[in-house]
Amino acid sequence: MLDIKLFEMKSFLPMPYEEALAPRLKIAHEKLQNASGAGGEFTGWVHLPRDYDKEEFARIKAAAAKIQSDSKALVVIGIGGSYLGARGVIECLCSPNYNLKKKNTPNVYFVGNGLSSDAMQEVIDLLGDDDFSVNVISKSGTTTEPAVAFRFFRKLLEDKYGREGAKSRIYATTDKARGALKSLADAEGWETFVVPDEVGGRYSVLTAVGLLPIAVTGVDIDELMGGAAKMMEVCGTPSFDCPAWQYAAIRYELYRSGRSVEILGCYDPAFRFMSEWWKQLYGESEGKDGKGLFPASVEFTADLHSMGQYIQEGKRLMFETIVRLGASQNQLLVPRDESDGDGLNFLAGESMDFIRDRAMEGTLLAHTEGGVPNVIVETDGKSADDLGQLIYFFEYACGLSGYLLDVNPFDQPGVEAYKKNMFALLGKPGYEDRKAALEAKLNK
Ligand code: PA5
C-alpha cells in the first residue's frame with residue numbers, strides 16, 4: 001500500500017504537530033465525506049471508486065474495444081482536467097513513447113490542449129491515412145481550445161468516412177444534459193459519456209474523462225478503479241493512519257512555517273504528466289484568496305543537473321515531495337568493461353535501480369542538509385492498482401488541504417479572467433465594450 005515517510009522533519013518543524021491539527025483535519029474529512037463544505041456539490045469523486053456508474057463503465061470498455069478494432073489511432077481532444085489525468089496515467093503505465101512502440105493497440109494523440117497551429121498540423125500529419133476515432137472531452141462543452149480542435153478533426157473524419165461513417169467514430173464525453181457539445185452529440189447521434197455534475201474537471205480522471213482513453217491503450221481500468229477503491233477505504237478512517245492526513249498535515253505546517261513552493265519530484269521520466277496532473281489539481285484547488293503553495297515539478301535525476309543548483313542553494317522557498325514508484329519492471333545491469341577506461345567497473349553487475357536508489361538517498365541527504373524538507377510518497381510499484389491508489393490519495397489530500405487553508409478546493413474563478421479577455425479580443429458577440437477597453441490598453 002501507498003505510504004508516507006518524513007525525513008528529518010524535526011529539524012524543520014516543531015514536533016509533534018499532528019495532535020493540534022487533528023481536530024481541523026477531522027472537520028475537513030467530514031466536509032468531504034458529507035459534501036458539507038465549500039464546493040460540497042463537487043465532491044462526487046469522494047465515493048466514486050465505489051459508486052461509479054457500472055453500466056457506463058461497461059460501455060466505456062465496449063467503446064475502447066471497438067476503437068481498438070477499427071482504429072489505428074485515437075485523437076483525444078480536451079484541456080486541463082479533461083486531458084491531464086488520462087495522459088498522466090497512459091504515459092506512466094504505457095510509457096511516454098507509447099505511440100512509438102510496436103503494439104496492437106491504437107496510438108493516442110492529445111490535441112485541443114493549446115492553440116498551436118503547428119502542434120495540430122503535426123498530429124494531422126502523423127495520422128496520415130490511418131483509420132482513427134475521436135474522443136472529444138469537455139465538461140462545459142464550450143471551452144475554446146478543444147472546441148476549435150474538434151472542428152478540425154471532425155471535418156477530417158467526415159471528409160474521410162462521410163457524415164454517417166464519422167458518426168460511429170466520434171465519442172463525446174461531456175455534461176449529461178447541458179452545453180454545446182451535448183446538444184451537438186445528441187443532434188448528430190454520437191455516443192456520449194458523462195462527466196458527472198458533482199465531479200469537477202481536475203478530479204475527473206476516474207470518470208469516462210480519463211477511463212476511455214486509458215482503456216484504449218489496454219490498461220486494466222478495473223485494476224485502476226480497484227486501487228482507488230482501496231485508498232478510498234483507507235481515507236474513510238479519520239485518523240493519522242490515513243496517508244492523506246499525513247500529507248495534508250505536513251504540507252500545511254510547512255506552508256505555515258513560510259514555505260511557498262512545493263516541488264513534486266520523481267525519478268521515473270514516465271511520471272512527467274502525472275506531475276502535470278498533480279500541478280493542476282493542487283494549483284487550481286488551493287491557489288486562491290491570495291493563498292496556496294505554488295506547485296512545481298522536477299524530473300530526477302535529469303533536473304538535478306539544472307534545477308538541482310537552485311534547490312540546493314537558491315532562495316529557501318520550497319519543500320520537496322518525492323514520489324518513489326518502487327522497483328523498475330526491467331532490471332538492467334551495468335556491463336563489465338575489461339579496459340575500464342571510464343573507471344566505472346566498481347558498478348559492474350549493479351542494477352540501474354541500485355544506482356538510482358543511491359542517487360535518491362544522496363539527493364535526499366544533500367537537499368535536506370541544504371534546508372529543503374523532504375516528504376516521500378512510496379508506492380509498491382507502478383501498476384494500475386498503484387496509480388489508482390496514488391490518484392485517490394492526492395485527490396483526498398487536496399480536498400483536506402483546501403479546507404485546512406480555508407478555501408473552496410473545488411472552484412476555479414481565476415481561470416475565467418483570461419477567457420473573457422480572449423473572447424473580447426477575438427470579437428465574440430457580447431464582449432464589444434471589453435474589446436474596446438482592452439485594445440486601448442494594448443494600444444492597438
Ligand atoms: O479543472 C477544471 O475545471 C478545468 O481545468 C477544466 O477541466 C478545463 O478548463 C476544461 O474544461 P471543460 O472540460 O469544461 O472543457
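All ligand and atom numbering here is 1-based and tracks the order in the structure.
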(request) Dump the intermediate steps for ring pair (Phe, Tyr, Trp, His ring centres under 6.0 Å) on Y247 and F394, then the final yes or no. (result) CA-CA 9 Å; Y247 180 51; F394 274 136; 5.7 Å; yes
(request) Take the angle between the ring planes of F300 and H367 and call it parallel below 30°, perpendicular above 60°, tilted in between. (result) perpendicular
(message) Please compare K139, E284, E416 and report which has the shortest non-hydrogen distance to atom 1 (O) of ligand 1.
(response) E284
(request) Would you sort out whether Y161 and D131 count as a side-chain hydrogen bond (donor to acceptor under 3.5 Å, both in side chains), showing the intermediate values? (result) CA-CA 9 Å; Y161 301 102; D131 284 315; 2.6 Å; yes
(request) Would you mind running through ligand 1 and noting each atom that sits below 4.0 Å from a heavy atom of S140? (result) 12 (P), 14 (O), 15 (O)
(request) For atom 12 (P) of ligand 1, find the nearest protein heavy atom and state the residue, atom name and distance (0.1 Å precision). (result) T143 OG1, 3.3 Å
(request) Specify the protein heavy atom at minimum distance from atom 5 (O) of ligand 1: its residue, its atom name, and the distance to 0.1 Å. (result) Q280 NE2, 2.5 Å
(message) Show the atoms of ligand 1 that are less than 4.0 angstrom away from any heavy atom in Q412.
(response) 3 (O)
(message) Surrounding NZ of K160 (heavy atoms of other residues, nucleotides or ligands, distance under 6.0 Å), is the total greater than 12?
(response) yes
(message) K419 versus ligand 1: do any nitrogen or oxygen atoms come within less than 3.5 Å of each other?
(response) no
(request) Give the residue, atom name and distance (to 0.1 Å) of the protein heavy atom nearest atom 7 (O) of ligand 1. (result) G81 N, 3.0 Å
(message) We want to know whether S285 and Y203 form a side-chain donor-acceptor pair, criterion being a heavy-atom distance below 3.5 angstrom.
(response) yes
(request) May I ask you to check if R87 and Y83 form a cation-pi contact, with NZ or CZ under 6.0 angstrom from the six-membered ring centre and within 45° of the axis? (result) no
(request) Given ring pair (Phe, Tyr, Trp, His ring centres under 6.0 Å), test Y282 with W278 step by step and report yes or no. (result) CA-CA 6 Å; Y282 280 79; W278 172 88; 5.5 Å; yes
(message) Can you name the atoms of ligand 1, numbered from 1 with element, that are less than 4.0 Å from a heavy atom of S138?
(response) 12 (P), 13 (O), 14 (O), 15 (O)
(message) Looking only at protein heavy atoms, which one is nearest to atom 8 (C) of ligand 1, and what is the separation?
(response) I79 O, 3.5 Å
